[in-house]
Amino acid sequence: MNRRFIFSIPLLFFASCVGQYESLLNGTDSELKYTKAMEYFEAKKFNRSRELFDRIVMVYRGTPKDDTIQYYLGLSYYYFGDYVEAEATFDMFTQVFPRSPFTQKARFLRIDCLYDMTYRWELDQLPTHKALAVINEFLYDYPTSEYTDKCKELMDELHERLERKSYESAKLYYKIEDYRAAAHALKNILKDNPDNRYREDIMYHIVASNYKYAANSVSYRQRERFLVVIDEYYNFISEFPDSKYTPELAGMFRRAQRATARSENSASEIE
């Protein structure tokens with residue numbers, strides 16, 4: 001048998017399949033499109049299923065199949081890996097069909113899409129805030145859902161990103177040696193979120209920032225600023241007596257005490 005003929009058989013079969021699919025896609029038999037879309041979905045051919053579901057969304061609008069088609073359209077986008085379209089489809093679905101049997105799962109999958117669209121802590125965290133808001137709404141509406149534990153896990157990870165973002169942003173002032181701004185920014189983090197998981201590191205940098213700010217101040221300002229260092233050291237040591245930072249901060253504390261003692265002695269001599 002001619003070798004070219006043998007090789008051409010799969011190509012002809014492939015071309016025939018493509019031609020049949022194009023005919024189906026552009027045809028007018030909506031019921032057949034629905035049936036084949038479900039078959040493609042079950043066969044994990046999500047690119048084809050999403051195209052077919054998309055073609056019949058308007059045809060079945062307001063019918064008993066409406067929520068099924070829109071839900072499976074979202075699933076097709078989701079499993080195809082197009083999380084942007086999947087999220088938008090699930091969002092619209094849950095607004096239009098709040099009581100559908102598919103709604104809870106659709107809302108959870110939307111959360112998964114939003115989580116996938118978040119960025120590392122170093123980058124813009126607006127998507128993180130959006131994802132957290134949607135997770136909070138889900139947990140409020142479905143407190144005992146089978147997805148509750150997963151949602152809490154995602155929420156904890158996203159909160160960690162925000163906490164690290166705020167900590168690293170404030171610490172940047174410390175790195176560029178703007179110690180007054182660093183101390184202020186770090187204090188604000190704990191004011192807004194006392195339970196920040198970086199609390200120990202933040203409080204360490206508060207002491208260190210105040211110490212370096214005082215040490216670099218003009219002499220007549222040093223006493224009052226070293227007194228702040230002493231206060232912040234006591235705050236730190238009361239919470240973290242066995243911290244890895246304790247030896248370093250203890251050195252700052254002793255130097256601050258000596259500096260304030262010298263200033264007090266100088267003041268007494270002047271009197």
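Note that the structure is predicted; figures quoted are calculated from it, not measured.
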Determine whether [X] and [Y] make a side-chain contact, defined as any pair of heavy atoms from C-beta on separated by less than 4.5 Å.
{"X": "Ser145", "Y": "Thr148", "result": "yes"}
{"X": "Gln70", "Y": "Phe102", "result": "no"}
{"X": "Arg161", "Y": "Lys165", "result": "no"}
{"X": "Leu25", "Y": "Tyr21", "result": "yes"}
{"X": "Ile237", "Y": "Leu249", "result": "no"}
{"X": "Phe236", "Y": "Ser243", "result": "yes"}
{"X": "Met38", "Y": "Glu42", "result": "no"}

Q: Apply the test side-chain contact (heavy atoms from CB on, under 4.5 Å) to residues Phe93 and Arg110: give CA-CA distance (whole Å), side-chain angles for both, the deciding distance (0.1 Å), then the verdict.
A: CA-CA 10 Å; Phe93 175 87; Arg110 183 189 175 212; over 6 Å; no
Please check if the side chain of [X] supplies one atom and the backbone of [Y] the other of a donor-acceptor pair under 3.5 Å.
{"X": "Lys130", "Y": "Thr118", "answer": "no"}
{"X": "Lys33", "Y": "Phe53", "answer": "no"}
{"X": "Arg55", "Y": "Gly27", "answer": "no"}
{"X": "Glu163", "Y": "Arg197", "answer": "yes"}
{"X": "Glu232", "Y": "Met203", "answer": "no"}

**Q.** side-chain contact (heavy atoms from CB on, under 4.5 Å) between Phe80 and Glu85, worked out
**A.** CA-CA 10 Å; Phe80 185 66; Glu85 287 296 331; over 6 Å; no
Do [X] and [Y] sit in the same hydrophobic cluster, where Ile, Leu, Val, Met, Phe, Trp and Tyr count as joined when their side-chain heavy atoms come under 4.5 Å apart?
{"X": "Tyr198", "Y": "Tyr173", "value": "no"}
{"X": "Trp121", "Y": "Leu123", "value": "no"}
{"X": "Phe240", "Y": "Ile206", "value": "yes"}
{"X": "Met155", "Y": "Leu162", "value": "yes"}
{"X": "Tyr71", "Y": "Leu52", "value": "no"}

Minimum-distance pair of heavy atoms, taken over all atoms of [X] and [Y]:
{"X": "Cys113", "Y": "Ala86", "result": "SG-CB, 3.7 Å"}
{"X": "Phe46", "Y": "Ser76", "result": "CB-O, 3.6 Å"}
{"X": "Ser217", "Y": "Gln222", "result": "O-NE2, 3.3 Å"}
{"X": "Asp66", "Y": "Tyr60", "result": "CB-O, 3.4 Å"}
{"X": "Tyr83", "Y": "Asp116", "result": "CD1-OD2, 3.0 Å"}
{"X": "Met117", "Y": "Pro127", "result": "O-CB, 3.7 Å"}

With a 4.0 Å cut-off on N to O distance, would you call [X] and [Y] a salt bridge?
{"X": "Asp67", "Y": "Arg99", "answer": "no"}
{"X": "Arg199", "Y": "Glu239", "answer": "yes"}
{"X": "Arg48", "Y": "Glu51", "answer": "no"}

Starting at [atom1] of [X], measure out to [atom2] of [Y] and round the result to the nearest 0.5 Å.
{"X": "Ile176", "Y": "Lys171", "atom1": "CD1", "atom2": "NZ", "value": "13.5 Å"}
{"X": "Thr260", "Y": "Ile230", "atom1": "OG1", "atom2": "CD1", "value": "4.0 Å"}
{"X": "Tyr213", "Y": "Asp178", "atom1": "OH", "atom2": "CG", "value": "9.5 Å"}
{"X": "Glu153", "Y": "Leu158", "atom1": "CD", "atom2": "CG", "value": "10.5 Å"}
{"X": "Ile135", "Y": "Lys152", "atom1": "CD1", "atom2": "NZ", "value": "12.5 Å"}
{"X": "Ile111", "Y": "Leu139", "atom1": "CD1", "atom2": "CG", "value": "7.0 Å"}

Please work out whether the ring planes of [X] and [Y] are parallel, tilted or perpendicular, with thresholds of 30° and 60°.
{"X": "Tyr245", "Y": "Tyr204", "answer": "parallel"}
{"X": "Phe41", "Y": "Tyr72", "answer": "perpendicular"}
{"X": "Phe253", "Y": "Tyr234", "answer": "perpendicular"}
{"X": "Tyr179", "Y": "Tyr174", "answer": "perpendicular"}

Q: Dump the intermediate steps for salt bridge (Lys or Arg N to Asp or Glu O under 4.0 Å) on Asp29 and Lys36, then the final yes or no.
A: CA-CA 11 Å; Asp29 192 337; Lys36 295 299 291 184; over 6 Å; no
Q | Within 45° cone and under 6.0 Å: Arg107 NZ/CZ vs Tyr142 ring | A |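 So Arg107 doesn't make the cation-pi contact.
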Q.
Quick check with a 6.0 Å cut-off and a 45 degree axis cone: is Lys65 positioned over the face of Tyr34's six-membered ring?
A.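 Positive - Lys65 is close enough to the ring of Tyr34 and near enough to its axis.
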Q. Between Asn188 and His184, is a side-chain hydrogen bond (donor to acceptor under 3.5 Å, both in side chains) present by the stated rule, with each step listed?
A. CA-CA 6 Å; Asn188 279 341; His184 180 73; 3.2 Å; yes
Q) Can you check side-chain contact (heavy atoms from CB on, under 4.5 Å) on Asp91 and Thr94, steps first, answer last? A) CA-CA 5 Å; Asp91 184 26; Thr94 57; 4.2 Å; yes
Q: Would you check, one step at a time, whether the test salt bridge (Lys or Arg N to Asp or Glu O under 4.0 Å) holds for Glu160 with Arg164?
A: CA-CA 6 Å; Glu160 193 276 334; Arg164 185 171 182 188; 5.4 Å; no
Q) Considering residues, nucleotides and ligands other than Lys187, do more than 12 of their heavy atoms fall under 6.0 Å from its NZ? A)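 12 or below, so no.
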Q) Checking side-chain contact (heavy atoms from CB on, under 4.5 Å) for the pair Asn196/Ser166: CA distance, chi angles, key distance, verdict? A) CA-CA 10 Å; Asn196 189 300; Ser166 61; 3.8 Å; yes
